[in-house]
Participant: 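Here's a structure for you.
Start at 1 with the first residue, then count along the sequence.
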Amino acid sequence: MSSFSAEERAAMKEYAAEKKRASKRRTKAEREAEEAQAMIEVIDKLPEGDKEITQAIAQVVAETAPQLKARTWYGMPAWSLDGDVLCFVQPASKFKVRYTTLGFSETAKLDEGDMWPTSYAITALTDTVKAQIARLVNHACGQVSG
């Protein structure tokens, strides 16, 4: 018996497929376009609620940090900087949890003192929340944000 849930096993299979897709020979522009399209397809398949929140986050990230590249990571929408995942959205439905989260990898420059959050629960996308996401993404990219 596996100690991984069905959702975790599915995420690992999605990650393996992402790695296989990334290993195909093509130009950088073709690869980036394919990865961005894969992210759009993942978002399109989300149930209502998750879909709206994730689409709104994707829009904020694209407007705030156009240098980030859209992709998927373990089957979740994600954005990378210089090839490394910087942030990602874990839709509530992905692991059957209570809320969607916006997470940041160790690549993100969110360091603040000896302890800081790297994951944020999101239940609604108000203007205030969108502004907070924009500030976090700027900070994660190492940009000064106000």
Participant: Hey, does Arg71 have a side-chain heavy atom less than 4.5 Å from the side chain of Val85?
Facilitator: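 The answer is yes; the side chains approach within 4.5 Å.
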Participant: Transitively linked via ILVMFWY side-chain contacts under 4.5 Å: Val129 with Val89?
Facilitator: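 Val129 and Val89: one cluster.
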Participant: Just wondering, are more than 12 heavy atoms of other shown residues or ligands nearer than 6.0 Å to NZ in Lys109?
Facilitator: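 Not buried by this count: 12 neighbours or fewer within 6.0 Å.
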Participant: So, taking the atom named CG in Leu125 and the one named CD1 in Ile133, what distance separates them when rounded to the nearest 0.5 Å?
Facilitator: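 Leu125 atom CG to Ile133 atom CD1 measures 5.0 Å (nearest 0.5 Å).
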Participant: In terms of heavy-atom contacts, does CD of Glu106 have more than 12 from other residues, nucleotides or ligands at under 6.0 Å?
Facilitator: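 12 or below, so no.
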Participant: On a heavy-atom basis, which atom in Ile122 and which in Tyr99 lie closest, and how many Å separate them?
Facilitator: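 That would be O-CB, 4.1 Å.
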Participant: Only one of Leu102, Val137, Leu86 forms a side-chain contact (heavy atoms from CB on, under 4.5 Å) with Val61, so which one is it?
Facilitator: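 Option passing the side-chain contact (heavy atoms from CB on, under 4.5 Å) with Val61: Val137.
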Participant: If I take atom OG1 from residue Thr100 and atom CE from residue Met76, how far apart are they, to the nearest 0.5 angstrom?
Facilitator: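 Here the rounded value is 11.5 Å.
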Participant: Salt-bridged, Glu63 to Lys130, with N to O below 4.0 Å?
Facilitator: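 Answer for the salt bridge query: no.
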Participant: With side chains defined as the heavy atoms from C-beta onward, is the minimum distance between Tyr74 and Lys94 less than 4.5 Å?
Facilitator: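 Result no, sub-4.5 Å side-chain heavy-atom pair not found.
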Participant: Any donor-acceptor pair under 3.5 Å linking the side chain of Lys51 with the backbone of Asp44?
Facilitator: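 Checked: pair present.
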Participant: Please round to the nearest 0.5 Å and tell me the distance separating atom CG of Leu68 and atom SG of Cys87.
Facilitator: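 The distance works out to 6.0 Å.
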Participant: Enter the distance from Leu81:CG to Cys141:SG here, rounded to the nearest 0.5 Å.
Facilitator: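 The distance works out to 5.5 Å.
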Participant: Between Gly113 and Trp116, what is the shortest heavy-atom contact and its length?
Facilitator: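 Heavy atoms only, the tightest pair is O-CZ3, 3.3 Å.
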Participant: Minimum heavy-atom separation for Pro77 and Thr54, please, with both atom names.
Facilitator: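 So the minimum-distance heavy-atom pair works out to CG-CG2, 3.6 Å.
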Participant: Which residue in the set Glu41, Gln37, Glu35, Glu18 passes side-chain hydrogen bond (donor to acceptor under 3.5 Å, both in side chains) when paired with Thr72?
Facilitator: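 Of the listed options, the one satisfying the test is Glu18.
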Participant: Can you tell me how far CG of Asp50 sits from NZ of Lys45, rounded to the nearest 0.5 angstrom?
Facilitator: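 If I round to the nearest 0.5 Å, the distance is 15.0 Å.
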Participant: Is there a chain of hydrophobic side chains (I, L, V, M, F, W, Y, each step under 4.5 Å between heavy atoms) that links Val60 to Leu110?
Facilitator: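 As far as the 4.5 Å side-chain criterion goes, Leu110 and Val60 are connected within one cluster.
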Participant: Are any of the side-chain heavy atoms of Thr101 and Phe95 separated by less than 4.5 Å?
Facilitator: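 They are not in contact (no side-chain heavy atoms under 4.5 Å apart), so the answer is no.
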Participant: Nearest 0.5 angstrom please: Met12 CE to Arg9 CZ, how far?
Facilitator: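 Met12 CE to Arg9 CZ: 7.5 Å, rounded to 0.5 Å.
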Participant: If you count heavy atoms of other groups shown closer than 6.0 angstrom to CG of Asp84, is the number above 12?
Facilitator: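 Atom CG in Asp84 is crowded, with more than 12 foreign heavy atoms closer than 6.0 Å.
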Participant: Over 60° means perpendicular and under 30° means parallel, so tell me whether Trp73 and Phe88 are parallel, tilted or perpendicular.
Facilitator: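 Tilted, since the angle between the ring planes falls between 30° and 60°.
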Participant: Please step through side-chain contact (heavy atoms from CB on, under 4.5 Å) for the pair Trp79 and Ile57, ending with a clear verdict.
Facilitator: CA-CA 11 Å; Trp79 295 268; Ile57 293 170; 4.2 Å; yes
